[in-house]
Amino acid sequence: MGVRPLDLLDLDGLLTDDERDVRAQARRVADDHIRPDVAEWYDSGDAPIRELALELGKAGLLGMHLTGYGCAGTSSVSLGLACMELEAADSGIRSLVSVQGSLTMYAIWRYGSDEQKQQWLPGMAAGRLLGCFGLAEPDHGSDPTGMSTRARRDGDDWILDGVKTWILNAPIADVAVIWARAEKGVTGFAVPTDITGFQVREINHKMSLRASSTGEIVLDGLRVPESTRLPGVRSLMAPLSCLTEARLSIIWGVLGAARDCLDTALDYAAAREQFGRPIASFQLTQAKLADMAVELQKGFLLALHLGRLRDAGDKPLRPEQVSVGKLNNVRESLKIARECRTILGGNGIRREFPVMRHASNLESVLTYEGTSEIHQLSIGQKLTGLNAFAR
Ligand code: FAD
């Protein structure tokens, strides 16, 4: 048995004991509660998300980087390492954790009133309550500045009109953070989903992220009280800041999927013989393995750098810094998954191996939270001073 890819540079030595403990905890949850059944959930498109959320909550992995309200208050690097372990099992489950902690809980934690925080955060940290984050719309995905969902004041209430689509967890959420345009600019609401008139249509038959639940939220004159409005929101910068925060968990998470593919390919290449010897002994296979190991380690160093930057400051990272990480790590992880698939030959497309499932999941991750093209444009704008995606 050779050295595992991330051991080549002794990268573990860059982590603290606390960070390694959090990683071990997340790995236990993945090994005990996700890995044994995830292929089956993927096949059926039906994961037991509520039960999983309780396990994730018990392990302190939901909203873990937030402070107070039952949240663990860990570093951002610890959150990233946990996401890496969860995504090594499946991107859908890591997405559940990111939507819950880094998008929905973060929005309420940063922009909500104390009553809203008390109402939602402890239950969400424990995994008893699930949240979703409604920003994307059928006609406005990459370009949220065009948002057409409207919030209109009516006495003590607000009336919401619009459609939010591709919303992870929407069919099973207890609270939906909804972003809408009001007279004075974009505002946000933490809407209990049991409120009269709240409608969700499940998006079925996805070919990717099948161990997750996704839906479309239809707001047809939905009346919500003023107490649901997030008082700290002033503009579109609020949902964008949540995305910047959540992208860190993606930058780390995808490395888990890539690592799992590479580990699988290494084991397979050592065992599989063609032309009378293991395919791992062929130079072309070794070149693939070496290139992938190099990219995996570069991705890890990039994630660690961004995580340490985030932990050193009291503000979110700058958007273009996060764009560097999301663009590189998702793109390279997807390339690794595809390359590992070739090493497994025909077996690469079987359910018994996780490689095709990871590759297929990473196609979604490439698109959500800013497509690769949008992150290229964000970096390009910083480099040139010219905004290529302005209307
Ligand atoms: P479009 O915006 O229509 O883009 C299509 C293509 O055009 C892309 O390649 C894009 O890069 C390219 N493009 C667009 N504009 C430009 C430009 N100016 N220059 C160059 N190329 C451009 N949203 C939420 O709010 N909450 C969620 O929980 C959530 N979960 C999701 C889960 C999944 C599985 C998926 C697939 C999506 C999810 N989304 C969610 C929505 C996601 O954020 C959007 O799909 C994403 O922003 C892209 O929008 P779009 O699909 O409308 O594609």
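All figures in this text were calculated on a predicted structure; none of them were measured in a lab. Start at 1 and go down the list; that is how both ligands and their atoms are numbered.
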Which of the numbered atoms in ligand 1 are below 4.0 angstrom from a heavy atom of S364? 34 (C)
Are S102 and E245 linked by a side-chain donor-acceptor pair shorter than 3.5 Å? no
For D154, does the CG atom sit with more than 12 other heavy atoms under 6.0 Å from it, leaving out its own atoms? yes
Any N or O of F133 that comes nearer than 3.5 Å to an N or O of ligand 1? yes
Show me which atoms of ligand 1 lie under 4.0 Å from any heavy atom of A136. 23 (N), 24 (C), 25 (O), 41 (C)
Atom 2 (O) of ligand 1 sits nearest the protein heavy atom S142 OG, 2.6 Å
Taking side chain to side chain donor-acceptor pair (under 3.5 Å) as the criterion, tell me which of Q25, R23, R259 meets it with E85. R259
Which of the atoms of ligand 1 are close to L168, meaning less than 4.0 Å from one of its heavy atoms? 27 (C), 28 (O), 30 (N), 32 (C)
Looking only at protein heavy atoms, what sits closest to atom 16 (C) of ligand 1 is I374 CD1, 4.1 Å
Salt bridge R20-D17, side-chain N to carboxylate O under 4.0 Å: yes
Starting from atom 33 (C) of ligand 1, which protein heavy atom do you reach first, and at what distance in Å? Y368 CD2, 3.8 Å
Any protein heavy atom < 4.0 Å from atom 41 (C) of ligand 1: yes
Going by the order shown, which atoms of ligand 1 are within less than 4.0 Å of some heavy atom of E369? 43 (O)
Just by distance, no angles: are the side chains of E87 and S91 close enough, under 3.5 Å, to form a donor-acceptor pair? yes
Non-hydrogen protein atom less than 4.0 angstrom from atom 7 (O) of ligand 1: no
Compute whether any side-chain donor of one residue and acceptor of the other, for R94 and S98, lie under 3.5 angstrom apart. yes
Go through the steps for R35 and D31 under the test salt bridge (charged side-chain N to carboxylate O under 4.0 Å, His left out), then give the verdict. CA-CA 5 Å; R35 277 184 197 282; D31 287 347; 3.1 Å; yes
Need the ligand 1 atom indices (1-based, order shown) with element for anything under 4.0 Å from a heavy-atom of L135. 25 (O)
Do any N or O atoms from the side chain of Q286 and from the backbone of A280 form a donor-acceptor pair under 3.5 angstrom? yes
Would you mind checking which non-hydrogen protein atom is closest to atom 9 (O) of ligand 1, with the distance to 0.1 Å? E373 OE1, 3.5 Å
Polar contacts were defined as any N/O atom of the residue lying under 3.5 Å from an N/O atom of the ligand; does this apply to D143 and ligand 1? no
Nearest 0.5 angstrom please: N329 CG to L334 CG, how far? 12.5 Å
Which of the numbered atoms in ligand 1 are under 4.0 angstrom from any heavy atom belonging to L209? 34 (C)
Salt-bridge test for R308 and E19: reply yes if a basic N is under 4.0 Å from a carboxylate O, no otherwise. yes
Can you spot which of Y111, W158, F133, F198 makes a ring pair (Phe, Tyr, Trp, His ring centres under 6.0 Å) with F189? W158
Consider every N or O of W166 and every N or O of ligand 1, then say whether any pair is closer than 3.5 Å. yes
Nearest-contact summary for atom 51 (O) of ligand 1 - protein heavy atom, Å: T367 CG2, 4.4 Å
Can you pull out the closest protein heavy atom to atom 52 (O) of ligand 1? Residue, atom name and distance to 0.1 Å, please. G141 CA, 3.3 Å
Is the closest N or O pair between T165 and ligand 1 shorter than 3.5 Å? no
Look only at the side chain of R181 and the backbone of M147, and say whether a donor-acceptor pair between them is shorter than 3.5 Å. yes
Could you check whether atom 22 (C) of ligand 1 has a protein contact, counting only heavy atoms that fall below 4.0 angstrom? no
Under 4.0 Å to a heavy atom of L377 - the qualifying atoms of ligand 1, by number: 17 (C), 18 (N), 19 (N)
Would you say atom 4 (O) of ligand 1 has a protein heavy atom nearer than 4.0 Å? yes
Does some non-hydrogen atom of the protein lie less than 4.0 angstrom from atom 14 (C) of ligand 1? yes
Show which atoms of ligand 1 fall inside a sub-4.0 Å distance from at least one heavy-atom site of I167. 24 (C), 25 (O), 26 (N), 27 (C), 28 (O)
Around L284, counting heavy atoms of other residues, nucleotides and ligands shown, do more than 12 lie under 6.0 Å from its CG? no
Is the closest side-chain donor-acceptor distance between N347 and Y268 under 3.5 Å? yes
For atom 11 (O) of ligand 1, the closest protein heavy atom turns out to be T371 OG1, 2.6 Å
